[in-house]
Every structure is written in structure tokens, then in C-alpha cells.
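Below is one structure, written out as C-alpha cells, with a few remarks after it.
Quick note on labels: first sequence line is chain A, next is B, and so on, each numbered from 1. The shown structure was predicted, so the numbers you read here are calculated from the model rather than taken from an experiment. FYI, side chains are in, hydrogens and waters are out, and symmetry mates aren't considered; it's all heavy atoms of this structure.
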Number of protein chains: 2
Amino acid sequence: MDLDERKRHILKALINDYIVTAEPVGSRTIAKRYRLGISSATIRNEMADLEDMGYLEQPHTSAGRIPSDKGYRVYVDCLMGSEKLSNQEIELIKNSICSVIEGEINRIIKEMTKVLSALTNYTVMVMAPQTMNSMVKHIQLIAIDDLHVMAVVVTNFSVVNSSSITLSRPIDSDKLMTINNILNDKLKGLTLEEINLKIISEVQNSVTGYSEIFNEIIPILYKSLKKRDKGEIYLEGSSNIFNYPEYNAIDKAKQFLTMLDKKDLLRNLLSCDGDSIKISIGHENQYDEISDCSIVTSSYKIGDDVVGSLGIIGPTRMYYSKVTAILEYFISYLNDMLTSYYYDK
Amino acid sequence: MDLDERKRHILKALINDYIVTAEPVGSRTIAKRYRLGISSATIRNEMADLEDMGYLEQPHTSAGRIPSDKGYRVYVDCLMGSEKLSNQEIELIKNSICSVIEGEINRIIKEMTKVLSALTNYTVMVMAPQTMNSMVKHIQLIAIDDLHVMAVVVTNFSVVNSSSITLSRPIDSDKLMTINNILNDKLKGLTLEEINLKIISEVQNSVTGYSEIFNEIIPILYKSLKKRDKGEIYLEGSSNIFNYPEYNAIDKAKQFLTMLDKKDLLRNLLSCDGDSIKISIGHENQYDEISDCSIVTSSYKIGDDVVGSLGIIGPTRMYYSKVTAILEYFISYLNDMLTSYYYDK
DNA sequence: ATTAGCACTCAATATGGCAGAGTGCTAACA
DNA sequence: TGTTAGCACTCTGCCATATTGAGTGCTAAT
């Protein structure tokens with residue numbers, strides 16, 4: 001780090017101020033508002049240096065300075081303190097997660113977005129688990145009547161059901177049960193991802209005498225399992241963006257909200273790997289559409305497996321310390337709950 | 001109708017013009033653009049009358065006129081012609097519905113929003129079917145292992161699954177099957193709505209010897225069935241609103257998009273009954289938030305049962321004839337598809 | 001090395017004048 | 001009596017100009 005103590009103090013003060021006011025910060029403001037023990041003229045000189053080094057920018061000659069992406073980066077990495085959550089906030093998180101933990105996982109995920117967006121005042125996006133990663137616990141063939149069968153696949157955190165399968169001739173329940181048992185023997189314990197054509201044909205070959213009925217059931221079952229599930233995206237608090245003056249210009253707001261309509265883009269944004277909280281600032285993002293936004297992302301897990309991820313998106317002038325603190329707590333609590341509820345050794 | 005022929009022509013011309021340009025329309029514009037065979041001065045007099053009668057409004061003294069809600073109402077009820085869909089549009093609708101009709105119903109519903117919003121350029125909201133209205137086709141108890149059971153209820157258009165039920169002592173598969181059969185006998189053919197505590201206790205009383213296990217399974221099954229399902233709301237094309245100049249003012253856009261975040265409000269808007277397409281203009285709406293919007297709604301059906309509804313929302317200056325035409329075609333096609341796919345006599 | 005002071009720059013805001021669109025009214029006309 | 005041409009009037013939108021205030025960079029003094 002090529003920043004001396006004093007420059008760091010000034011940079012930190014400036015960013016703290018800017019995060020609150022959204023106005024370019026001048027040397028005099030810093031001198032008055034923060035007790036750094038130096039005059040505005042000195043601060044002025046230091047600020048000119050900080051600008052040369054790329055940490056600050058000046059919207060125009062006679063304005064104060066605002067942080068650059070690089071400035072925010074230093075701030076996030078080294079300068080910002082860590083925030084404590086209030087008891088109230090902690091309660092809110094706990095209650096919200098507890099109150100829905102019994103339901104199916106997508107309902108939980110959806111509820112999460114609401115709490116997070118209420119707590120942070122930013123837009124929250126969550127990617128629900130892709131069923132592909134879930135593990136088969138049981139397969140059940142259900143006879144609707146003697147010509148219609150439906151397959152239900154229970155996995156550790158989802159239930160996949162095939163569409164109704166029409167058979168060419170009636171099947172009796174013993175036969176169906178036998179087939180059911182074979183399927184269970186062969187497929188239980190695999191993830192949906194792992195079930196591929198090779199395994200399917202193994203199943204088909206391992207038994208004789210049922211090929212006809214197998215041929216009717218298997219393709220539809222396979223298709224249902226492989227129905228490309230891209231991981232549902234849930235959004236909450238899109239209109240929170242209007243709270244922030246940088247989006248008071250209609251075209252800015254339009255750009256932001258149009259971006260949120262592109263689910264594929266969001267999916268990519270959320271497809272981060274890794275465990276910890278990741279902050280992506282302005283142009284660090286791969287997409288032009290969000291080059292003036294920051295995103296704080298993390299993934300959530302069942303056991304040790306990452307099953308989905310979520311992100312909080314707002315202006316680069318984001319209240320990073322708060323958002324990070326909330327997300328950190330939230331994720332760890334959520335992971336615990338999900339794991340204790342859905343984890344199967 | 002207290003409007004003579006000439007007034008009607010003028011009103012129609014004015015609204016047609018305003019729908020396209022979004023600018024107050026002056027007498028001279030109408031005289032030039034539409035061949036009504038009368039001079040601008042005459043039109044001016046008629047327009048003053050129309051304003052007195054409440055069909056037009058004047059934003060300020062020296063501006064042209066714009067339609068009032070009452071004006072739009074007459075237009076929608078009597079004046080606007082009916083629009084023909086292009087072959088291209090028809091194809092688009094057919095393909096979109098066909099391409100997803102195999103999946104589960106919510107996926108279809110979701111896809112619908114996309115097509116409609118692409119075709120109309122407005123915001124589309126859809127309320128998915130409430131599972132409450134669906135009819136039990138089959139109940140299956142699935143033994144995950146000898147201490148865990150799960151109940152799956154297949155209905156005509158959804159699959160409801162209970163959470164995993166932990167039993168206090170192991171159960172053998174014969175016993176489970178017997179219970180399963182009893183449940184099927186008693187509940188098959190009922191809608192989820194119709195299954196209430198009375199019926200449940202009838203089931204419980206009608207058999208002896210299984211009470212212990214029944215007592216463990218029934219409450220959880222019942223809870224799953226009754227899990228309040230409010231009918232998921234799907235939105236598409238929220239940012240379409242930015243295409244329309246009346247939302248160029250940031251606070252207008254904010255108001256609109258904040259309104260879309262209120263799912264309960266949308267649910268109420270969509271909870272219309274009745275069969276046909278309904279148009280709700282400006283202040284005719286019950287909510288202040290949308291007093292400058294119009295909504296075109298309709299419900300969709302499986303067989304003769306209304307299962308959900310959808311709405312297209314935009315500025316009162318809406319391209320009513322087009323929207324109506326598209327929605328009409330869309331709904332009738334959708335009804336046919338849903339019915340042929342999900343209808344069970 | 002720090003600071004006070006000053007000239008300079010630039011955005012934001014207010015002010016006034018002008019052009020254009022549209023009206024209402026009156027008087028003439030068929 | 002209904003229609004029309006003409007004209008004075010009104011109001012918005014736009015442009016140019018002046019003013020203000022915040023903030024800088026530079027210089028000279030400490």
C-alpha cells in the first residue's frame with residue numbers, strides 16, 4: 001500500500017462522507033467535519049495527490065472530490081470498519097428464516113429476499129438451488145389409473161414430478177412395483193446431475209422382461225429429470241433504487257431497471273463460486289450495464305455444498321460496512337438452518 | 001349516448017391521435033390530419049362542448065385537449081374499432097404456448113407473461129392458479145425409509161408434497177399401503193378446498209386399528225394441503241413503462257414501479273371475476289396508486305373453471321384496441337390448450 | 001511542511017425575452 | 001342558424017444572460 005497514514009485517514013473520511021451525502025466532498029468539509037488536526041489547505045494538497053494516484057475523481061474543476069472505483073476498493077479492503085448488527089436486526093433475520101423454514105426451499109429463498117431488501121434498502125436478487133444438484137432419495141411410480149402413470153422423484157431438497165405417462169396397455173400394480181424397485185435400487189443416492197444416458201441404459205439392460213414398459217416410462221422420466229432447471233431468480237426491492245439520488249435521472253433509473261429485467265444477466269452475476277462474501281465495484285463488473293453499481297454476493301450452502309447464491313445490488317456509493325455485516329450474519333444463519341433441515345449424510 | 005355523430009367522430013379522432021403522440025391535440029391538428037370536412041373553428045366549438053360534457057380536459061388554457069377517463073370510457077365502449085392480429089403475432093402466441101404446454105402449469109404461466117409483454121410493450125402480470133382449486137387425482141404415501149414417510153398428492157394441475165413425516169415406530173409397507181388406499185378412497189375427486197377437518201375426521205373414524213399412525217400422518221398431510229397458497233404473481237416487462245413519455249418524470253416512474261412491488265395490491269387488482277375482458281381506466285380503479293393507469297384484465301380457465309387471471313397495465317393512454325385484440329386471442333387459445341391438457345371430467 | 005489568502009472556474013439557479021401553439025370570441029357569410 | 005375566417009390573448013418551452021456559491025490551485029508567509 002502506497003498510502004501513508006494521513007492519506008488513508010482523508011480517503012476514509014471522504015468516502016464515509018460521500019456514502020452518506022452523495023455530494024462531492026470538498027477539503028473544507030473534511031476539515032470541519034472530521035477532526036484530523038490539519039487545515040483545509042493541507043487536505044487540499046493531499047486530495048490532489050490522491051486524485052493523481054487514482055483514488056479520487058473530480059466531476060468538474062470547481063467541485064469536491066468523489067471516490068473512484070479504485071478508491072472504493074481500498075476502502076472496502078482496508079479502511080472501512082466492521083459494523084455491528086443491532087439486536088433488532090438480528091431478531092428480524094432469525095424470525096424471518098425460522099418462520100418459513102418448514103416450507104419448500106423455494107419459498108424460503110423467496111422470503112429471504114424480502115428481509116434482506118427491507119434491512120439493507122437495496123435491491124436483492126437470489127438464485128434458488130438448481131434441482132440438478134439435489135440427490136435422489138426415492139423414486140415413486142404412481143398409478144393414476146391402469147393406463148396412466150406418473151413418476152415422482154423425491155430428492156433431499158426438492159420433489160420432481162414427471163408429466164403423466166400414458167401407457168399403451170394396462171399394467172398391474174405388482175409389475176409397476178417391481179419396476180419401481182429396480183429404479184430405486186439403481187438411482188437412489190445419485191444426484192440428478194449424475195443421472196445420464198449411460199446410467200439409464202444400464203438400468204434398462206440390467207433387467208429383462210420389462211423392456212416394453214420401460215421404454216414407455218424411462219424417456220419421460222429422464223426428460224423430467226433433465227428439464228433444464230436454470231435456478232429460479234427472485235428479485236425484491238427493485239424500486240428501492242429510487243431512494244438514491246444517483247438514480248434521480250430518468251435514464252439512469254431506466255438503465256438500472258431494464259438491467260434487472262434481464263434474468264440471464266442476473267444469473268451470470270450470481271454465478272460466483274467461492275465461499276466468502278465478494279464485493280464487486282463499478283467497472284470491476286463484467287457488464288457495462290452495471291458499471292456504476294456495486295454488488296455484494298455470497299453463496300449459501302447445505303452441508304458443504306453450495307446450492308445457490310444471492311446478491312445485493314446498489315450504487316457504487318453503497319453502505320458497504322452495513323451490507324457486509326448483514327449479509328455475513330444472514331448467510332451463516334441461513335446455512336445453519338438449511339443444513340440442519342435438508343442435509344442428508 | 002348524448003353525443004351526436006360529429007362529436008363522436010371528433011372524440012374518436014382526438015383519442016386516436018393522442019394515443020399515438022401523447023401530446024395534447026389541438027383543433028387545427030384534427031382538421032388537418034383527419035378528413036372530417038369541417039373547419040378547425042367548428043371543431044374548436046365542438047371540443048369546447050366535449051370539455052363541458054366531461055369527455056375532454058385541457059392541461060392549461062392555451063394547450064390542446066386530452067381525453068378524460070370518461071372520454072376513454074366512451075372510446076373503449078363504443079368508438080374504437082376492433083383490431084386484427086397479424087399472422088406473425090398469431091404465430092408468436094401459438095408457438096409460445098405450445099412450446100411450454102408440457103411443463104408444469106406455473107412454468108407455462110410464467111412464459112405467458114413474456115410473450116404478452118413482448119407483444120404489447122406494456123407490463124404484464126399473471127396470477128397463477130391457486131392449488132386450492134385443483135382436484136385430487138391420487139394420493140401416494142412414499143416410504144423414504146422405515147421411519148420416514150412423505151405424502152405426495154397429485155391433482156389435475158399440480159403436485160403437492162408434504163414435508164417429510166417422522167414416525168415414532170417403523171411401519172411395514174403393507175400397512176402403509178392400506179392406509180394409502182383408504183386415503184385415496186376417501187379423498188380422490190375432492191378439490192383441496194373441499195378437504196376440511198370434518199372430512200378428515202370422517203376418514204380417521206371410518207377405519208379402526210390404524211389410529212396411531214393416522215395421527216402422525218394426517219396432521220402434516222392436512223397442513224401441507226392447506227398451506228395457504230395465494231396464487232403466485234408473475235410480472236414481466238416492468239421497465240416497459242419507460243417507453244412512455246408520461247413516465248419520463250422520475251416521480252411518476254417511481255410511483256408506478258413501487259406499486260408493482262406491492263404484490264398484495266396486484267393480487268387484488270387481478271382478483272376480478274367474470275369471463276370476459278375487462279378494462280379499468282384511471283380513476284375507475286380502486287387504488288390511488290394507479291389512478292393514471294389503465295388495466296386490461298381477463299381470467300383463464302381449465303374447462304369451465306376459472307383458475308387464474310392476468311392483466312396488462314399501462315398508461316391510460318393505452319393502445320386499447322391492440323391490447324384487447326391480443327388478449328382476446330391469447331386467452332381463448334390458452335384456455336383451449338389448458339383445457340385439453342389438464343381437464344379431467 | 002503547513003497554512004492563509006486570493007484569483008479563478010464551473011455548475012446551478014434565477015431572470016427576462018421571444019416564438020409557437022392553441023384557444024375563445026366576434027363578425028361575416030351561406 | 002350553423003359555419004368559418006380572423007384576431008387578440010394566454011401559456012409553455014426555450015434560449016441567452018447574469019448571479020451566486022462552492023471549491024480548487026497557486027503563491028507567499030509562517
Please tabulate, one pair per line, all N/O donor-acceptor pairs under 3.5 Å involving side-chain atoms of residues 257-266 of chain B, not counting sequence neighbours.
residue	atom	partner	partner atom	Å
B/Thr258	OG1	B/Lys254	O	2.5
B/Asp261	OD2	A/Ser239	N	3.3
B/Asp261	OD2	A/Ser239	OG	2.7
B/Lys262	NZ	B/Glu289	OE2	2.9

Query raised in the report: Got a sec? Which of residues 10-34 of chain B come in under 4.0 Å of DNA chain C, heavy atoms?
Result: B/Gly26, B/Ser27, B/Thr29
Query - Between C1' of D/dG23 and CD of A/Gln58, the distance in whole Å - result: 8 Å
Query - Interatomic distance, B/Asp52 CG vs C/dG24 P [rounded to whole Å] - result: 9 Å
Report summary line: Rounded to whole Å, CD1 of B/Ile66 lies from C1' of C/dT23 at a distance of 16 Å
Report task. Please check if any side-chain donor atom of A/Glu83 sits under 3.5 Å from a side-chain acceptor atom of A/Ser321, or the reverse. Result -> yes
Requested in this report: Just say parallel, tilted or perpendicular for the rings of B/Tyr72 and B/Tyr18, cut-offs at 30° and 60°.
Outcome: tilted
Query raised in the report: For B/Ile43 and D/dG2, what is the distance between atoms CD1 and P respectively, to the nearest whole Å?
Result: 18 Å
Requested in this report: Verify whether one side chain among B/Asn268 and B/Tyr287 offers a donor that lies under 3.5 Å from an acceptor in the other.
Outcome: yes
Query raised in the report: Taking atom types as modelled, is there a side-chain donor on A/Ser39 or A/Thr42 under 3.5 Å from an acceptor on the other?
Result: yes
**Report entry** Over all atoms of both residues, closest heavy-atom pair of B/Ser294 and B/Met318
**Finding:** O-CE, 3.5 Å
Report task. Let me have a per-nucleotide readout for nucleotides 5-16 of chain D, 5' to 3', with B, S or -, counting only protein heavy atoms under 4.0 Å. Result -> BB---BBS----
Requested in this report: Measure the distance from CD1 on A/Ile38 to P on C/dA4 and round it to the nearest whole Å.
Outcome: 12 Å
Query raised in the report: Can you tell me how far P of D/dG23 sits from CG of A/Asn45, to the nearest Å?
Result: 17 Å
Report summary line: The single option from A/Ile279, A/Leu310, A/Thr120, A/Leu119 that satisfies side chain to side chain contact (heavy atoms under 4.5 Å, CB included) with A/Leu327 is A/Leu310
Report task. State whether the number of non-hydrogen atoms from other residues, nucleotides or ligands found under 6.0 Å of A/Lys70 atom NZ is greater than 12. Result -> yes
Query raised in the report: Would a distance-only check, ignoring hydrogens and angles, find a side-chain to backbone donor-acceptor pair under 3.5 Å from A/Ser280 to A/Ile295?
Result: no
Report task. Could you check how far CZ of A/Arg65 sits from P of D/dG23, rounded to whole Å? Result -> 12 Å
Query raised in the report: Rounded to the Å, how far apart are A/Asp49 CG and D/dC26 P?
Result: 12 Å
